[in-house]
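Here the structure is laid out as structure tokens; the discussion comes afterwards.
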Amino acid sequence: YGGHYFSPTQASWIDAFLETLPTKISEKNVALAALIDAASQSAAAPGHTAQPFQPTRGAKKYLETSWRIDLPSKVELGLKTLASIHAIQIGASKVADANKAAQQVREGDLVFLDPPYSGVHYSRFYHVLETIARMECGEVSGVGRYPPPNERPRSSYSMKGEAVEALDDLLATIADSGGKAIITFPDHECSNGLSGETIVDMSDEYFRINIKEVDSKFSTLGGNVLPAGKAGRGGRQYRSELILVLDPK
């Protein structure tokens, strides 16, 4: 990713940090998290690492600004911040299919749901940070320096023909178990076919709903600039977001 998302110097620093991570697992996890955080702040990309800034007349200033970021200082700050906080009670995290994981929900459990709102698979936007987390990089291609297709997870929630059915199945599973849920989603229709209205209608079949609406800033997963006289799309848009608190009927 050197010469793309990171300057050659930044990329060399990332390699050096990865090669010298602590051996004790607890220390290694904190150090790696600090490096991922620093890389996220330093990546020369518009919000997500779908593709890097290009050396064009309009974008080169952003490329230069990102490449000038002192990555070691970001790592040091992240390490100090992460090392100073800890959980009051030890928990656990797990990577799994949400619909399958929901089968483990029990009565009284609270489930927080923040489903995708894009018709493009999210693996396209986080592959750079994922590579750092894995501590190794395979073959890459394209402007975005993407990994092979078999290393890019796909989700039914980002497929317009499957998202509604997938979410309905998830809500039904949680409700059948007697679990409660909180779900957040933009109030408008999104590119994966889901909308706030659709989710409210689906939820109403299984839950009693308490709705709260808040103003939020959403990423467009990379803005676009159109020719003069035509409206483009910025990298960020201000929209209303629904927060639904769901209690089983």
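Position 1 is the first residue of the sequence, and the numbers go up from there. Both backbone and side-chain heavy atoms feed into the values below; hydrogens, waters and symmetry mates do not.
Two rings, from F6 and Y1, have their centers 6.0 Å or more apart.
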Salt bridge (Lys or Arg N to Asp or Glu O under 4.0 Å) assessment of K60 paired with E64: CA-CA 6 Å; K60 65 180 181 181; E64 182 180 11; over 6 Å; no

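V95 belongs to no hydrophobic cluster with other residues, because no ILVMFWY side-chain heavy atom falls under 4.5 Å from its own, directly or through intermediates. Other residues sharing a hydrophobic cluster with I25 under the 4.5 Å side-chain heavy-atom criterion for ILVMFWY residues do not exist; the residue is a singleton.
Salt bridge annotation for K80-E76: present, with a cationic side-chain nitrogen under 4.0 angstrom from a carboxylate oxygen.
Contact annotation: the side chain of D215 approaches that of S240 to within less than 4.5 Å [non-hydrogen atoms, C-beta and beyond]. With a 4.5 Å cut-off on side-chain heavy atoms, I243 and I211 do not count as touching. With a 4.5 Å cut-off on side-chain heavy atoms, V128 and T131 do not count as touching. H127 places a side-chain heavy atom less than 4.5 Å from the side chain of Y146. In this structure, P46 and Y62 have side chains that are not in contact, with every pair of non-hydrogen atoms separated by 4.5 Å or more.
Applying the side chain to side chain donor-acceptor pair (under 3.5 Å) rule to pairs touching residues 35-46 yields D37-Q41, Q41-K74, sequence neighbours excluded. Sorted by first and then second residue, the side chain to side chain donor-acceptor pair (under 3.5 Å) pairs involving residues 19-31 (not counting sequence neighbours) form an empty list. Residues in residues 143-168 take part in these salt bridge (charged side-chain N to carboxylate O under 4.0 Å, His left out) pairs, two or more places apart or across chains: R134-E151.
Panel note: side chain N99, backbone A166; a donor-acceptor pair is recorded below 3.5 Å. Side chain of S195 to backbone of E189: no donor-acceptor contact under 3.5 angstrom is found.
Criterion: ILVMFWY side-chain heavy atoms under 4.5 Å apart, direct or through other members. Under it, Y206 and I183 are part of a common hydrophobic cluster. Hydrophobic clustering (ILVMFWY, side-chain heavy atoms < 4.5 Å, transitive): Y157 and V120 are in one cluster. With hydrophobic clusters built from ILVMFWY side chains whose heavy atoms lie under 4.5 angstrom apart, I14 shares a cluster with L129.
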Which donor-acceptor pairs under 3.5 Å do side chains of residues 103-116 form with protein atoms, sequence neighbours excluded?
unit_1: R106; atom_1: NH1; unit_2: Q103; atom_2: O; d: 3.3
unit_1: R106; atom_1: NH1; unit_2: Q104; atom_2: O; d: 3.3
unit_1: D109; atom_1: OD2; unit_2: R106; atom_2: N; d: 2.8
unit_1: D114; atom_1: OD1; unit_2: T184; atom_2: OG1; d: 2.9

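Heavy atoms from other residues, nucleotides or ligands lying under 6.0 Å from NZ of K100 number 12 at most.
Using cut-offs of 30° and 60° for the angle between ring planes, the Y126 and Y122 rings count as parallel.
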